[in-house]
Amino acid sequence: MATSGCPSFAIVDVFSKTSYKGNPLTVVDNTTANLTLTQMKLIARQFNLSETTFYSSSKDANVDISLRSFLPDGKEVLGAGHNILGAWWYLAYAGKLAFTKPVKEHADGTQEFEFLQELGGNISTVKILRKANDGGEAEFVVVLRQSPPQAHNQHPHISALAESLGLSSTDIGLASQKSIFLVPQVMSTSTTRHLIVPLKSVSVLNAARVERDKLLKQLALVDDKAYGIYLFAEDSKAERNQYQARFFSPGMSGEDPATGSAAGPLAKYLFENGYLDADRGQCRIKVRQGLQMGRECIIDVVLSERNLGTGLLAEVDIMGSGVQVMSGLLRPPCTATSF
């Protein structure tokens with residue numbers, strides 16, 4: 001077929017360095033295709049991955065890249081998770097970024113670079129760490145600062161929530177030495193809201209069953225703006241502050257292997273409830289997700305406190321890398337095709 005006017009795409013497994021693990025993301029080059037909103041939604045539905053991200057030039061000459069990301073159901077995602085981190089990792093790996101002067105040189109040889117992105121009309125900084133591996137090839141880690149996480153409604157009926165997951169009410173909450181009972185609560189970064197649900201153990205996490213209709217009902221009970229549900233438990237076999245998690249959204253075709261837009265707010269949720277202690281103004285967690293799907297993902301989260309004079313602001317960075325597994329060209333949908 002003729003390839004003129006056919007945008008290129010790549011599929012990247014995010015939050016992993018192993019092909020066919022991680023969370024798959026489609027990254028589409030929209031720098032010259034000028035795809036319409038409907039065309040982008042149709043393409044996202046066609047790939048049917050948890051998210052598809054389109055990159056293009058920004059009208060602002062100071063901005064490096066403009067990004068838009070969509071769920072398979074056409075809903076645009078403005079939160080920064082694997083959809084954004086994976087896109088930046090691909091742009092670095094594919095040589096589509098100008099690495100000029102690093103803003104910082106680390107003792108281990110890592111170089112730190114900063115770029116500006118446009119997402120949902122907002123401009124923010126993205127950090128990329130570059131370091132040569134033993135073979136001399138450049139490896140990249142992307143550091144995304146999320147919009148400050150916010151707390152919203154707590155779930156009003158824990159027993160009903162537990163029943164909808166095939167669990168009992170005693171399965172809700174962390175089995176920690178701390179006497180604090182964690183209540184399931186909606187947390188957000190930017191406009192992306194998720195219901196955070198603590199569970200007693202990894203075995204309970206594995207036993208949870210999420211059905212779309214029941215999930216819709218539970219999300220409507222607590223917050224009709226919530227995208228999905230994020231189940232997590234302490235990883236008792238790992239080091240301190242490590243967790244396993246699972247995520248489900250009515251807008252996705254199945255379970256999400258990694259959810260950066262929930263892992264960041266999870267750190268704030270734990271910190272605000274007294275489960276994390278800051279060391280020199282910082283605390284860290286590590287989240288493993290996708291294990292039940294054979295797609296182990298690792299998300300590193302750093303929460304930092306900054307004194308604004310009027311109070312402390314908790315800032316959250318998520319970190320990760322990726323691996324490209326395939327690439328190709330796509331034929332854009334006809335502009336007359338409706339979503």
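Every value quoted in this text rests on a predicted model; they were computed, and no experiment measured them.
Scanning all heavy atoms of the two residues, the minimum distance from A87 to L25 falls at N-CD2, 3.7 Å. Residues P332 and L35 come closest through the heavy atom pair CB-CD2, 3.9 Å. Heavy atoms only, all atoms of each residue included: A80 and Q146 are closest at O-NE2, 2.7 Å.
The pair K286-D235 does not meet the salt-bridge criterion, since no charged nitrogen lies less than 4.0 angstrom from a carboxylate oxygen.
Within the structure, side chain to side chain donor-acceptor pair (under 3.5 Å) contacts touching residues 205-217 (residues at least two apart or in different chains) are N206-Q292.
Remark: the D108 side chain and the T110 side chain contain an N/O donor-acceptor pair separated by less than 3.5 Å. There is a side-chain donor-acceptor pair under 3.5 Å between S168 and T170.
Q111 pairs by the side-chain hydrogen bond (donor to acceptor under 3.5 Å, both in side chains) definition with E105, R130, not counting sequence neighbours.
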Should S201 and S203 be marked as a side chain to side chain donor-acceptor pair (under 3.5 Å) after you check the CA-CA gap, both sets of side-chain angles, and the distance that decides it? CA-CA 5 Å; S201 66; S203 61; 2.8 Å; yes
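Apart from M319 itself, the hydrophobic cluster it occupies contains L129, V141, V143, V302, where clustering links Ile, Leu, Val, Met, Phe, Trp and Tyr at side-chain heavy-atom distances under 4.5 Å.
A 4.5 Å side-chain heavy-atom check between L85 and F15 finds at least one atom pair inside the cut-off.
Two rings, from F99 and F115, have their centers less than 6.0 Å apart.
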